Visitor: 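What follows is a single structure, and I will ask about it in a moment.
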Amino acid sequence: MPNTWYHSSVERKFLTTNAAIEDKNFDVIIIGGGLTGASAALELAKNGINCAIIEAKKIGHGASGRNGGLVCSGYRHDQSWFEEKLGNQLAKDLWDISEAAKKHLVSILSEYNIDADYQSGLAFCAHNQKMFDYLINDKMHLETKYNYQKLEIIDKANCPNELSTNAYFGAIIDNGAGKINPLKLLYGIAQSVLKYGAKIFENTKANSVSYIGGKISINTNNGDFTAKEVLFCGDGYLGGINPKIEAKVMPISSFVITTEKLDFDILPNIAGAMDTKFVVNYFHKTHDNRLLFGGGEKYTPKWPKDIKNFVRNNLLKIYPQLENVKIDYAWGGSLGITSTRLPFVAEVEKNIYTAAGYSGQGVLFSPFFGTILAKKLLGQKREFATLEKLPVPNFPGGQMLRFPFLTAAMSYYSILDKLP
Ligand SMILES: Cc1cc2nc3c(=O)[nH]c(=O)nc-3n(C[C@H](O)[C@H](O)[C@H](O)COP(=O)(O)OP(=O)(O)OC[C@H]3O[C@@H](n4cnc5c(N)ncnc54)[C@H](O)[C@@H]3O)c2cc1C
């Protein structure tokens, strides 16, 4: 298990399926036991479909058990970008999907009785005046064109009261966004998946997927499985099994630390925050009053030797008052990004589908997009059809050069963060 604060503190109350069972024929096989895969399995199982998750390690091994827990509104681009590039109608449909994703998240918490410490109120913090002006304009745009009335301005003078830092030029609080404990959420969904009779095979890695006699065969270290339909839900952890997905979804690494329990309230009125930097800092207050802080990214598979200090340096730029606070946990994880920072939702080959590349917005999207994949198989295609229209070209450079190209491009943008 990864050494995260989540894995150390969240109790797992379910047992998964014994991979030695004889019958490995299913209607649907879901590759990947994160929030996308588990949510897809839940929707399918609830509708009586004979399905199974196969997970290379343990449920929650991937980004869903390691992330910053921030539930953000919308996408990595603002709505004006969508209107300009994709037209008003598609922009509106996409906004509606992201709002529906929030409702879905809250509804699964109550429907399946999952206590995942959800709390609303997320601050977007401007790292320079230009970005504060931008956030205010964006707020006006969302209010007037999308009737989104959940945003409040915090000016620079008020930042120390609300955020306990004067590192920012102002912020917008989004009361429709928030934070959640993603591992509690995932374990709750997985438990419900099993309750509805679906199977979960852990320590079962899909090595290859091929068509055999009108069915799809999935070769794993625990034998061959067959299915009529397959969902690839491996996001940044897929690692070499489907070149079509991996040409569009590349892994980057992000890193997180968690402080010891604080004896003061660092975010008195809000659940969490993120800033406007390209290499974003993101943080939330845990239910036991620690600061869980993410900051710093890597675009190559090589991780920093000392993750704790790599992230702590960013933490102290915002919270120098935490200089003497102990860091109890430090970890990293991979997440899928796409070249346009838009999710990749598609039928990649006949009867083989994926939803991935949420580009940092996966806590909101993965539970809903997994459900959208399932609904597509159940014949409800509307949201899938909208998401399929998103432009997600292959990364440049092909198999050989895409990592160096990505590193060069990302490094350039991260330099811009240092400019005033
Ligand atoms: C450090 C970090 C911080 C983040 N913070 C945020 C945040 O604050 N807000 C936000 O919105 N998003 C955040 N994200 C992104 C978010 O966590 C992801 O977008 C989301 O969890 C993706 O979920 P998933 O189920 O699609 O994939 P994952 O949770 O990554 O799960 C994929 C699973 O597939 C399995 N798998 C892969 N290949 C195979 C195979 N061949 N056979 C079997 N199993 C396989 C893996 O073992 C893994 O368990 C963060 C990500 C990281 C890494």
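Keep in mind that this is a model prediction, so the values were computed, not measured. First listed ligand is number 1; within each ligand, the first listed atom is number 1. The figures here come from the full heavy-atom set of this structure, side chains too, leaving out hydrogens, waters and symmetry mates.
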Visitor: Examine Gly37 against ligand 1 and note whether any of their N/O atoms are separated by less than 3.5 Å.
Guide: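 In this structure, Gly37 places no N or O atom under 3.5 Å from an N or O of ligand 1.
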Visitor: To the nearest 0.1 Å, how far is atom 31 (O) of ligand 1 from its closest protein heavy atom, and which atom is that?
Guide: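 That would be Gly34 CA, 3.7 Å.
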Visitor: I'd like to know whether the aromatic ring centres of Phe255 and Trp303 sit less than 6.0 Å apart in this structure.
Guide: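 Centroid distance Phe255-Trp303: below 6.0 Å, so yes.
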Visitor: Salt bridge or not between Lys376 and Glu388? Use side-chain N to carboxylate O under 4.0 Å.
Guide: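 Not counted as a salt bridge, because no side-chain N and carboxylate O are separated by less than 4.0 Å.
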Visitor: Is Lys139 atom NZ crowded by more than 12 heavy atoms from other residues, nucleotides or ligands, each under 6.0 Å away?
Guide: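 Atom NZ in Lys139 is crowded, with more than 12 foreign heavy atoms closer than 6.0 Å.
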Visitor: If every non-hydrogen atom of Asn242 is compared with every non-hydrogen atom of Glu349, which pair is closest and at what distance?
Guide: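 Looking at all heavy atoms of both residues, the closest pair is ND2-OE2, 3.4 Å.
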Visitor: Applying salt bridge (charged side-chain N to carboxylate O under 4.0 Å, His left out), can you list everything that pairs with Glu347, at least two apart in sequence or on another chain?
Guide: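 Residues passing salt bridge (charged side-chain N to carboxylate O under 4.0 Å, His left out) with Glu347: none at all.
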Visitor: Only heavy atoms of Gly234, strictly under 4.0 Å: list the atoms of ligand 1 that pass.
Guide: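 Under 4.0 Å from Gly234, ligand 1 has these atoms: 32 (C), 34 (O), 37 (C).
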Visitor: How are the rings of His104 and Phe368 set to each other: parallel, tilted or perpendicular (split at 30° and 60°)?
Guide: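 Taking Phe368 first and then His104, their aromatic rings sit tilted (interplane angle of 30° to 60°).
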Visitor: Under 4.0 Å from a heavy atom of Val256: which atoms of ligand 1 are those, numbered in the order shown and with their elements?
Guide: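 Answer, ordered by atom number: 1 (C).
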Visitor: Quick one: look up the protein heavy atom nearest atom 22 (C) of ligand 1 and list residue, atom name and how far away it is.
Guide: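 Looking at atom 22 (C) of ligand 1, the protein heavy atom closest to it is Asp235 OD2, 3.8 Å.
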Visitor: Just to confirm my output: which protein heavy-atom neighbour is closest to atom 41 (N) of ligand 1, and how far is it?
Guide: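 Protein heavy atom with the smallest distance to atom 41 (N) of ligand 1: Ala206 O, 3.1 Å.
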Visitor: Ignoring angles and geometry beyond distance, decide whether Ser64 reaches within less than 3.5 Å of ligand 1 through its nitrogen or oxygen atoms.
Guide: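 So ligand 1 has an N or O lying under 3.5 Å from an N or O of Ser64.
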Visitor: Could a heavy atom of Gly69 be found less than 4.0 Å from some atom of ligand 1?
Guide: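 Contact present.
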Visitor: If you look at every heavy atom in Gln191 and Lys13, which pair is closest and at what distance?
Guide: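 In this case the closest contact between Gln191 and Lys13 is NE2-O, 3.9 Å.
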Visitor: Could you say whether the N/O atoms of Trp331 and ligand 1 ever approach to under 3.5 Å?
Guide: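 Looking only at distances, the answer is no, because the N/O contact criterion of under 3.5 Å is not met.
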Visitor: Counting from 1, what ligand 1 atoms have a heavy atom of Ile31 closer than 4.0 Å?
Guide: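 The atoms of ligand 1 under 4.0 Å from a heavy atom of Ile31 are 39 (C), 40 (C), 42 (N), 43 (C).
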Visitor: Under 3.5 Å between any N/O of Thr36 and any N/O of ligand 1: does that happen in this structure?
Guide: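 Such a contact does occur with ligand 1.
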Visitor: Taking the minimum heavy-atom distance to atom 38 (N) of ligand 1, which of Phe232, Tyr237, Phe201, Phe255 ranks first?
Guide: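 The option holding the nearest heavy atom is Tyr237.
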Visitor: Looking only at distance, does Gly360 have an N or O less than 3.5 Å from an N or O of ligand 1?
Guide: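 Yes: some nitrogen or oxygen of Gly360 is under 3.5 Å from one in ligand 1.
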Visitor: Hey, can you tell me if Tyr237 and His61 have their rings parallel, tilted or perpendicular (30° and 60° cut-offs)?
Guide: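 Perpendicular, since the angle between the ring planes exceeds 60°.
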Visitor: Students should be able to answer this: which protein heavy-atom is nearest to atom 36 (N) of ligand 1, and at what distance?
Guide: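 The closest heavy atom on the protein side is Gly32 CA, 4.2 Å.
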Visitor: Step by step, work out the side-chain hydrogen bond (donor to acceptor under 3.5 Å, both in side chains) result for Asp275 and Tyr168.
Guide: CA-CA 8 Å; Asp275 64 26; Tyr168 294 119; 2.8 Å; yes
Visitor: Give the numbers and elements of all ligand 1 atoms closer than 4.0 Å to a heavy atom of Leu335.
Guide: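 It comes down to these atoms of ligand 1: 51 (C), 52 (C), 53 (C).
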Visitor: Report yes or no: is the cationic atom of Lys24 (NZ for Lys, CZ for Arg) under 6.0 Å from the centre of the six-membered ring of Phe225, at an angle within 45° of the ring normal?
Guide: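 Positive - Lys24 is close enough to the ring of Phe225 and near enough to its axis.
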Visitor: For atom 43 (C) of ligand 1, which candidate among Ala56, Gly60, Ala38 provides the closest heavy atom?
Guide: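 It is Ala56 whose heavy atom sits nearest to atom 43 (C) of ligand 1.
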Visitor: Could you see which bit of Tyr282 sits under 4.0 Å from ligand 1, with heavy atoms only: side chain, backbone, both or neither?
Guide: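 Within the 4.0 Å criterion, Tyr282 contacts ligand 1 through side-chain atoms alone.
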Visitor: Using a strict 4.0 Å cut-off to heavy atoms of Ile54, name the atoms of ligand 1 that fall inside it.
Guide: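 Close to Ile54: 43 (C), 44 (N).
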Visitor: Going by the angle between their ring planes, with limits at 30° and 60°, are Tyr75 and Phe365 parallel, tilted or perpendicular?
Guide: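 Correct class here is tilted.
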Visitor: Is the Trp95 ring parallel, tilted or perpendicular to the Tyr148 ring (thresholds 30°, 60°)?
Guide: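 Taking Tyr148 first and then Trp95, their aromatic rings stand perpendicular (interplane angle over 60°).
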Visitor: Can Thr204 be said to touch ligand 1, with heavy atoms closer than 4.0 Å?
Guide: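 Heavy atoms of Thr204 do come under 4.0 Å of ligand 1.
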Visitor: Please name the pair of heavy atoms, one in Lys228 and one in Asn351, separated by the smallest distance, quoted to 0.1 Å.
Guide: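 Reported closest heavy-atom pair: O-CB, 3.5 Å.
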Visitor: Which word best sums up how the rings of Trp81 and His77 line up, parallel for under 30°, tilted for 30 to 60°, or perpendicular for over 60°?
Guide: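 The rings of Trp81 and His77 lie parallel, inter-plane angle below 30°.
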Visitor: Which is closest to atom 5 (N) of ligand 1 by heavy-atom distance: Pro182, Gly68, Cys233, Gly33?
Guide: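 That would be Gly68.
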Visitor: Under a 4.0 angstrom heavy-atom cut-off, which atoms of ligand 1 come close to Gly62?
Guide: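 Going through ligand 1 atom by atom, the ones under 4.0 Å from Gly62 are 29 (O), 30 (O), 48 (C), 49 (O).
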Visitor: For atom 1 (C) of ligand 1, grab the closest protein heavy atom and report residue, atom and distance to one decimal in Å.
Guide: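 That would be Ser254 O, 3.4 Å.
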Visitor: Taking 4.0 angstrom as the limit and counting only heavy atoms of Arg66, give me the atoms of ligand 1 inside it, by number and element.
Guide: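 Near Arg66, meaning under 4.0 Å from one of its heavy atoms, ligand 1 has 1 (C), 2 (C).
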Visitor: Can you tell me the protein heavy atom closest to atom 18 (C) of ligand 1 and the distance?
Guide: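 Closest protein heavy atom to atom 18 (C) of ligand 1: Ala63 CB, 3.8 Å.
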Visitor: Between atom CH2 of Trp5 and atom CD1 of Ile257, what is the distance when rounded to the nearest 0.5 Å?
Guide: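 Separation between the atoms: 14.0 Å.
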Visitor: Please state whether the rings of Phe283 and Tyr319 are parallel, tilted or perpendicular, taking 30° and 60° as the class boundaries.
Guide: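 Perpendicular, since the angle between the ring planes exceeds 60°.
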Visitor: Measure the distance from atom 53 (C) of ligand 1 to every protein heavy atom, then report the residue, atom name and distance (to 0.1 Å) of the closest one.
Guide: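 The closest one turns out to be Gly333 C, 3.3 Å.
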Visitor: Do ligand 1 and Leu35 have nitrogen or oxygen atoms that lie under 3.5 Å from each other?
Guide: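 Yes; at least one N/O pair falls below 3.5 Å.
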Visitor: Look at atom 35 (C) of ligand 1 and say which protein heavy atom is nearest, naming residue and atom and giving the distance to 0.1 Å.
Guide: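 Checked against all protein heavy atoms, atom 35 (C) of ligand 1 sits closest to Glu55 OE1, 3.2 Å.
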Visitor: Which atoms of ligand 1 are found less than 4.0 Å from any heavy atom of Ser334?
Guide: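 By the 4.0 Å cutoff, the relevant atoms are 53 (C).
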